[in-house]
Structures are given as structure tokens and as C-alpha cells.
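Mind having a look at this structure? Questions to follow.
Counting starts at 1 for both ligands and their atoms, following the listed order.
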Amino acid sequence: MKNDNVVWHQHKVTRTARAEQKRQQPCVLWFTGLSASGKSTIAGAVEQKLFELGHHTYLLDGDNVRHGLNKDLGFSDTDRVENIRRIGELSKLFADAGLIVLSAFISPFRSDRRLVRDLMADGEFVEIYMNTPLEVCEQRDPKGLYQKARKGEIKNFTGIDSEYEVPEHPEVILNTAECSVEECAALVIDYLRTHSIIHD
Ligand code: ADP
């Protein structure tokens, strides 16, 4: 920390009180996987379902964050680390506000995901690994990014010339090549129910 005189202020409305008012267990649903593996699509479907059930959510999405908070960051290894560190802190603040946070970022490095997991209390970090094969992602290529990366027009592209480190112990694994959007979203909702994060 740069300033030793900064003291954490304990406010009267607590994290627990905010969560109780919302009748839910705040947590971070962390979607990780290759570009086009389905993170945004599934996170959106899960959020919609939670919203319909009356839950309080917030979806943080890779591209959107890079337009604002992290617009000073690129795709070098150092910038990717800082990108995830900031998003982790942001996710933690939203969870502190009582929300179920859905974070959809490639987040290719194990150590970065570990850093975010360690920011959260036990059971509040739910790592959701999009186990979609590279060939399928490349075939989808909704933004034409793989094509550009193959031609060398984009450098450090995850899966092509930048590594993706597969999660070792994710809470949920989704293979979107074999399951529909609805099936994948239902698996996440099931996890939340069986782990008492939601109760309906
Ligand atoms: P990411 O956020 O990982 O980059 P997106 O969700 O933006 O991925 O893109 C995934 C693409 O794959 C979308 O065009 C989506 O419609 C398509 N898709 C096809 N089948 C599935 C599925 N079962 N789950 C998620 N996405 C799917």
C-alpha cells in the first residue's frame, strides 16, 4: 500500500445486513475460458434467470470493462494481470454490496484467478470453466478475432499465441459444444441451489 495512513472505515450498515435484505448469499460467479467459449452468452442467460427469480445481480463483461475502468490496459501479460486484479477488486465490492456478481473474462492465468478467489470468503468464489474446445471457438469466431490472430494481425491472442491455463478445481465445468445455452445456464442455477446461494 502506498499510504500507511489510510484506515478502513467500519460503517453501520454491514455486508451481512445488505445481503439479508436482498435474501441471497452474495458471491462471484467467475466465468473463465477462451474467446467465443460462451462466457458472455451463458453469464447473460444465468443473470436473466436469477433476475426473473427476483435476485439482485450485476454482470461484468470483458469488453465493457475495457471501454471504461480498464481502457488504459492492453493485452500484454502485465496488463492482463492488472486487468484481472482490478476486476477482482470490483467484483468484491459488488459482492460486498450484496449482489450476485457474474464476471465474464478470459482470465487465462491460474495465479490471477487464485488472487481473485483469495479476495473472497470461502464458498463465495464460484469458478465456472467454459470447457469449449479451441476448434469450436475458432469455428464460431463471432467477432472474427481468431481469423485475425491466425493472420498475425492480433498478437498475444489466447489459445493461439498466448497460453490459457485450464482451471484445476473449478466449481462448475460447462461444455457448450455439447450442451445448449439453456442447459448450461440450468447447471449453474442448480449449483447455486445445491450450495444454498439461492433458495428458490
Ligand atoms: P465469450 O464471452 O466467451 O467470448 P460469447 O458468449 O461472446 O463468448 O460467444 C459465444 C458464441 O457461441 C455466441 O455467438 C453464441 O451464440 C455461440 N454459442 C453456440 N452455442 C452455444 C452454447 N451452447 N453456449 C454458449 N454460446 C454458444
Side-chain angles (χ1 to χ4, degrees), residues 27-52 57-71 73-77 79-81 83-88 90-91 94 99-110 112-113 116-117 125-151 153-168 170-192:
C27 64
V28 174
L29 308 182
W30 190 273
F31 294 80
T32 171
L34 297 172
S35 180
S37 60
K39 301 180 295 297
S40 295
T41 305
I42 305 295
V46 172
E47 185 181 40
Q48 200 176 350
K49 183 76 186 147
L50 288 171
F51 190 85
E52 283 163 10
T57 59
Y58 196 78
L59 171 51
L60 281 166
D61 189 288
D63 293 341
N64 300 353
V65 173
R66 280 188 179 275
H67 280 125
L69 179 70
N70 291 354
K71 68 177 172 190
L73 301 177
F75 290 87
S76 67
D77 283 4
D79 279 5
R80 280 177 192 270
V81 172
N83 184 45
I84 298 304
R85 190 194 69 79
R86 287 186 202 171
I87 291 159
L90 193 61
S91 300
F94 281 133
L99 302 177
I100 296 176
V101 185
L102 303 99
S103 303
F105 301 90
I106 298 175
S107 46
F109 305 133
R110 247 174 235 141
D112 298 343
R113 298 191 300 260
V116 183
R117 184 185 284 274
F125 182 82
V126 179
E127 191 170 19
I128 302 169
Y129 169 45
M130 312 302 295
N131 186 18
T132 312
L134 175 64
E135 309 79 68
V136 175
C137 298
E138 203 165 351
Q139 229 164 32
R140 288 179 182 164
D141 206 9
K143 300 172 203 152
L145 298 177
Y146 282 97
Q147 212 175 14
K148 283 190 183 163
R150 287 286 183 201
K151 283 197 243 159
E153 289 168 20
I154 307 177
K155 296 273 175 238
N156 298 322
F157 196 77
T158 305
I160 307 295
D161 57 349
S162 183
E163 201 184 346
Y164 179 81
E165 297 174 350
V166 171
E168 284 169 332
E171 276 73 12
V172 182
I173 301 177
L174 301 177
N175 185 340
T176 70
E178 286 167 13
C179 298
S180 69
V181 174
E182 293 70 30
E183 286 167 336
C184 292
L187 286 172
V188 177
I189 298 289
D190 281 351
Y191 179 92
L192 300 181

Q: List, ordered by chain and residue number, the protein residues whose closest non-hydrogen atom lies under 4.0 Å from any atom of ligand 1.
A: L34, S35, A36, S37, G38, K39, S40, T41, I42, R140, T176, C179, S180, V181

Q.
Check the orientation of Y129 and Y164. Use parallel for under 30°, tilted for 30 to 60°, and perpendicular for over 60°.
A. parallel

Q) Do R66's NZ or CZ and the ring of F105 fall within the cation-pi criteria of under 6.0 Å and 45°? A) no

Q) Only one of N64, D79, N83 forms a side chain to side chain donor-acceptor pair (under 3.5 Å) with N70, so which one is it? A) N83

Q) Does the side chain of D112 pick up a donor-acceptor pair with the side chain of S107 at under 3.5 Å? A) no

Q. Is any NZ, NE, NH1 or NH2 atom of the basic residue among R117 and E171 found under 4.0 Å from an Asp or Glu carboxylate oxygen of the other?
A. yes

**Q.** Which atom of T132 lies closest to which atom of V136, heavy atoms considered
**A.** CG2-CG1, 3.8 Å

